[in-house]
Structures are given as structure tokens and as C-alpha cells.
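A quick write-up on the structure given underneath.
Worth saying up front: this structure is predicted, and the values here are computed from it rather than measured.
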Amino acid sequence: MRRATAHLPANHGKTPIIDTITLAHDERRLRRKLLTGAKGTEVMVDFPGTVTLDHNGALELEGGELVGVLAAQEPLHEIRARDAGHLLRLAWHIGNRHTPAQLEPDRILIKRDHVLKTMLEGLGASVANVTEPFFAEHGAYHAHAHGDGGHALLNRK
């Protein structure tokens, strides 16, 4: 087992990456956890505080080696609206239920939930099943410990 000594932001530019770890949205926010890479590298993360690992970021190991971090493909609902005002109202209803959401100019993504799907369709939304990485907004009290200044949208690719 290897110990992570630091986390690097997306597109950090350091090499080489010896393995990659693919994590779902809620798994990328952690403080202490044993992770296993695609090639079997075991990495113990034990940071002083909670961090959010960026997609295309990395964990730096003792000795300087790197393990890349990737966002997992997740089953989601893609929500589309008639217009921008309608999308805003749908976002309000989703937020009112404290549901993590990825907000984009022309759609909202949430984890699949048949109750929310029925509610949103009742409000006139178009809801489709998609599978892709999930980058939900962080709450107002989330500390941006991952170093991107809250601009995770810029680091997705």
C-alpha cells in the first residue's frame, strides 16, 4: 500500500502517471480512504481535512509517483426545459429537495431518481436517461480545497 502525500488539481502537467483511480462524484470528496487503481495500486489517502479530487487531477505518492484521478460514468437524468426561465424554475424545485445537480446553460443533470423524474415531467420538463461523469455543484459552505477556485467546469475534459 502506498500513501498519498498531496492531491494535484486538474491538468497539473506532471508525469508520469503510474495508475488511475476512477471515482463517482460523491467518492471524489474524501479525507481518509483506501483506494485501488485500475492496475491494482493501493493508495491510502489520509489528509488533515476533506478534499475534493478533480477529474484529471492526481494523487501524489510518497516518492513522487502519481496516480491519476478520473470521474466515473454515472447513471443520470438529463433535464431539459422549454426555455431559460423554465430551466430556472426546474432548478429551484431540484434545489428545494436538496438534490445534488450539475447546472449547465441548457440542461441540468441529477442522479437517477424515479420520484424526481415524475415530479419534473409533471412540471413540463423533458427527462432522459444518460450515462456520463457527474460534476454537481458544491454547497455554499463547501471549502474549495481542491485548488480550482470553484471552477470545476473548466477542468472536465
Query raised in the report: Is the shortest distance from a Lys or Arg side-chain nitrogen in Arg31 or Asp46 to a carboxylate oxygen in the other one below 4.0 Å?
Result: yes
Report task. Using a 4.5 Å cut-off on heavy atoms from C-beta on, say whether the side chain of Pro133 contacts that of Gln73. Result -> yes
Query - Flag side-chain contact, heavy atom, 4.5 Å: Leu61 against Val67 - result: yes
Requested in this report: Apply side-chain contact (heavy atoms from CB on, under 4.5 Å) to the pair Val69 and His55, showing each step before the final yes or no.
Outcome: CA-CA 6 Å; Val69 176; His55 174 61; over 6 Å; no
Report summary line: Nearest heavy-atom approach of Phe134 to Glu74 is CB-OE2, 3.5 Å
Report task. Heavy atoms only: give me the nearest Gly68-Ile17 pair and the separation to one decimal. Result -> N-CG2, 3.4 Å
Report summary line: CG (Leu34) and CD (Glu42) are apart, to the nearest 0.5 Å, by 5.0 Å
Report task. Mind running salt bridge (Lys or Arg N to Asp or Glu O under 4.0 Å) on Glu65 and Arg2 for me, showing each step along the way? Result -> CA-CA 10 Å; Glu65 293 177 306; Arg2 313 286 298 280; 2.3 Å; yes
Query raised in the report: If you take all heavy atoms of Leu90 and Leu123, which pair is closest and at what distance?
Result: CD2-CB, 3.8 Å
Report summary line: CZ of Arg82 to OG of Ser126, rounded to nearest 0.5 Å, is 11.5 Å
Report task. Scan side-chain atoms only and decide if Thr52 and Arg28 contain a donor-acceptor pair under the 3.5 Å cut-off. Result -> no
Requested in this report: Any chance you could measure Met119, atom CE, to Arg97, atom CZ, to the nearest 0.5 Å?
Outcome: 4.5 Å
Query raised in the report: Centres of the His7 and Phe47 rings: under 6.0 Å?
Result: yes
Report task. Specify the closest pair of heavy atoms between Ala81 and His86, including all atoms of both residues, with the distance to one decimal. Result -> CB-ND1, 3.2 Å
Query raised in the report: Is there a donor-acceptor contact under 3.5 Å linking the side chains of Asp113 and His77?
Result: no
Report summary line: Which of Thr20, Leu59, Asp19 passes side chain to side chain contact (heavy atoms under 4.5 Å, CB included) with Thr41? It is Asp19
Query - Gap separating the CG atom of Leu8 from the CG atom of Asp54, nearest 0.5 angstrom - result: 10.0 Å
Requested in this report: Check whether any side-chain heavy atom of Asn129 sits under 4.5 Å from a side-chain heavy atom of Arg112, and report yes or no.
Outcome: yes
Report task. Nearest 0.5 Å please: distance from the CG atom of Leu109 over to the CD atom of Glu132. Result -> 5.0 Å
Query raised in the report: In Å, rounded to the nearest 0.5 Å, how long is the span from CG of Leu76 to NE2 of His25?
Result: 10.5 Å
Query raised in the report: Does the pair Ile94 and Ile79 meet the rule for a side-chain contact (heavy atoms from CB on, under 4.5 Å), with working shown?
Result: CA-CA 11 Å; Ile94 291 166; Ile79 301 147; 3.7 Å; yes
Report task. For the pair Leu70 and Asn56, evaluate side-chain contact (heavy atoms from CB on, under 4.5 Å) and give the outcome as yes or no after the intermediate values. Result -> CA-CA 6 Å; Leu70 300 174; Asn56 288 325; 3.6 Å; yes
Query raised in the report: For the side chain of Arg107 and the backbone of Leu103, is there at least one donor-acceptor N/O pair under 3.5 Å apart?
Result: no
Query raised in the report: Are side-chain heavy atoms of Met44 and Lys33 found at a separation under 4.5 Å?
Result: no
Query - Trace of the salt bridge (Lys or Arg N to Asp or Glu O under 4.0 Å) decision for Glu78 with Lys117 - result: CA-CA 10 Å; Glu78 177 185 72; Lys117 180 180 188 278; over 6 Å; no
Requested in this report: Provide the closest heavy-atom pair for Ala72 versus Ala24 in the form atom of the first, atom of the second, distance.
Outcome: CB-N, 3.7 Å
**Report entry** Short side-chain to backbone donor-acceptor contact, Thr118 and His114, under 3.5 Å
**Finding:** yes
Query raised in the report: What are the two closest heavy atoms between Ile108 and Ala101, and how far apart are they?
Result: CG2-CB, 3.9 Å
Requested in this report: Go through the steps for His12 and Leu66 under the test side-chain contact (heavy atoms from CB on, under 4.5 Å), then give the verdict.
Outcome: CA-CA 11 Å; His12 49 81; Leu66 302 175; 4.0 Å; yes
